[in-house]
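What follows is one structure encoded as structure tokens, with my remarks underneath.
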Amino acid sequence: MKKKHKQKHESSGIGLLMLTSFAVMLACVGLLALIKIPKPNTSPISSNKIIIRNCDMISINSIVIQNKNGKYTAVNLGNRFIPTEHEMIPYDKKKIAELVEAAGKITAIKQITEVVNLSRYGLTLPLATVKIEYLTEDDINLKIGAKTTEGYYVMINNQIYMLENKAVEPFLWSENQLVSTILTPSKNSNTEITDITLSGTIRSQPIIIQKFNHQYKITLPTEYSISSENITVWTDKIFSLNADEVIKLDPGQQDFVKYGLNKPYSIIDMTTYDSSFSLITSEPVGKFCYIYCEDIPVIYKISTDKLTWLTIQVPMLTGELFTPAHINEVAKLIISTPTASYNYKLTHGEDGYNVKLNDELIAIADFEKLYKLTTTIVPTDYIGNTVPNTKPILKLQIVYTEQERTDDIIYLYPEKNGQMEIWCNGLCEFTTNTTVAQAILACIIH
């Protein structure tokens, strides 16, 4: 009897303990119901994604990519990630970062569970195969298949997933697409050009421009001072020059021959106070040409519209044969042909000036048009300091009101191919188009 009583007593104790535990549990549930637990900050779409790998660059050892453009391996050098075979190539940091991001953050939209045939997903002939080697985790092998409206089918370690376009497309790039296309340094407020040399087959001899005491001067093949504006108008666009396409990495002599760079069409060597660079181009092919920067072992393709210096000649730099005076400083304009002479005399007063031709007043507007034609003759080609071997067809002489000022005298000599040699103040260095003389003669007759 005592044993049974003891057993009953023990059973009652256990029951009481269970009731007490249950009561505590209910209290906890009630307390949790009162506490507002924050929800994860994720959208419905991201919460459904499948995270396959999530690591930073430091955890990635190498990425081996093979696609239609070829095969290359990008390795982690600790402070940067670059393809191994071309360490001297300047790579685009943004694109390298996108490639590393794609290798470290592999997330699928969904998994394809019922696989019927790999060809259905474009995986029998994949667009690319990728092997990613990690330092602390298992390697991952990817095969990139067909593209859909959602993204790409990708086989990852024998499982098929759907990945977004941006997660896949870096693996489809060629190594060339990872290369920076910036050819020249940027310009800042302190950038100052000190020396420029223009050469190449387009020029009969090099053109050298140097800066002396804040003044630019052509020192070869002639001596001519030019304004800063005549320099910056075309040199500004040389800075931060961006090529359109990468053609060849680490080119050899055969590549230079293939792309017409063994005999450069146009070369510019430029020096500033803090940098220097050389650009070499091929002869234009349509609207583009091939270009090579001496310090960058890459051949690029670039639009000729970006190359303001490509065809520059001395006349384009000088812009004018002499500095024309304002009409108020002119006393006479004498124009002579082989058969006649026209003497325009100017009389200046407080109310302006008048012009007489052979003692007859002429319209000021007509004279101003003629004066502009005679003082803005545009040179077309530099021919060196030559001696004309023909007789002049036109002589232009400007006499100034200041007797101390020397007259400006220009002779135009017929040449060939629709050109005329220009003799200006003792030098014959340029040619111009015959239409210049025709326009002046037409204005005289008018």
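What you are looking at is a predicted structure, and each value in this text was computed from that prediction instead of being measured.
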Greater than 12 external heavy atoms within 6.0 Å of Lys187's NZ: yes
Under 3.5 Å donor-acceptor, Lys95 side chain and Gln177 backbone: yes
Should we count CD1 of Ile364 as having more than 12 external heavy atoms under 6.0 Å? yes
Just wondering, are more than 12 heavy atoms of other shown residues or ligands nearer than 6.0 Å to CG in Leu77? yes
Any donor-acceptor pair under 3.5 Å from Asp407 side chain to Ile409 backbone: no
Give a yes-or-no answer on whether the side chains of Ser174 and Asn176 include a donor-acceptor pair shorter than 3.5 Å. no
So, the side chain of Asn76 versus the backbone of Ser62: is there a donor-acceptor pair under 3.5 Å, distance only? no
Can Thr380 and Gln419 be counted as having a side-chain donor-acceptor contact under 3.5 angstrom? yes
Inspect the surroundings of NZ in Lys258 and state if more than 12 heavy atoms from other residues, nucleotides or ligands are less than 6.0 Å away. no
Please determine whether a side-chain nitrogen of the Lys or Arg among Arg405 and Glu329 lies less than 4.0 Å from a carboxylate oxygen of the Asp or Glu. yes
For residues Arg53 and Thr107, is any side-chain donor paired with an opposing acceptor at under 3.5 Å? no
Can you list every pair that meets side-chain hydrogen bond (donor to acceptor under 3.5 Å, both in side chains) and has a residue in residues 138-150, with sequence neighbours left out? Lys110-Glu150
Using atom types as modelled and distance alone, determine if a side-chain donor or acceptor of His348 lies under 3.5 Å from a backbone N or O of Val330. yes
Is the shortest distance from a Lys or Arg side-chain nitrogen in Lys49 or Glu164 to a carboxylate oxygen in the other one below 4.0 Å? yes
Do Ile238 and Leu183 touch side chain to side chain, with heavy atoms closer than 4.5 Å? no
Are the side chains of Ile268 and Ser278 in touch, meaning some heavy atoms are under 4.5 Å apart? no
Any salt bridge between Asp305 and Lys287, counting N to O under 4.0 Å? no
Does the Asn67 side chain pair with the main chain of Asn69, one donor and one acceptor, at a distance under 3.5 Å? yes
Distance-only polar pair, side chains of Asp244 and Ser303, donor-acceptor under 3.5 Å: no
Mind checking whether Met270 and Phe277 have side chains closer than 4.5 Å, heavy atoms only? yes
Under-4.0 Å salt bridge between Lys211 and Glu192: yes
Cys428 backbone acceptor or donor facing Tyr413 side chain under 3.5 Å: no
Is the side chain of Thr194 donor-acceptor paired with the backbone N or O of Thr271 at a distance under 3.5 Å, no angle test? yes
Inspect the surroundings of OH in Tyr371 and state if more than 12 heavy atoms from other residues, nucleotides or ligands are less than 6.0 Å away. yes
Side chains of Thr272 and Ser275: is there a donor and an acceptor less than 3.5 Å apart? yes
Is there a donor-acceptor pair closer than 3.5 Å between any side-chain N or O of Thr431 and the backbone N or O of Met420? no
Any side-chain donor near an acceptor of the partner, Asn242 and Thr181, under 3.5 Å: yes
Hey, does the side chain of Asp56 reach the backbone of Ile58 with a donor-acceptor pair shorter than 3.5 angstrom? no
Say whether, by atom type as modelled, one donor and one acceptor occur between the side chain of Asp255 and the main chain of Gly252 under 3.5 angstrom. yes
Tell me if the aromatic rings of Tyr300 and Tyr290 count as close, with their centers under 6.0 Å from one another. no
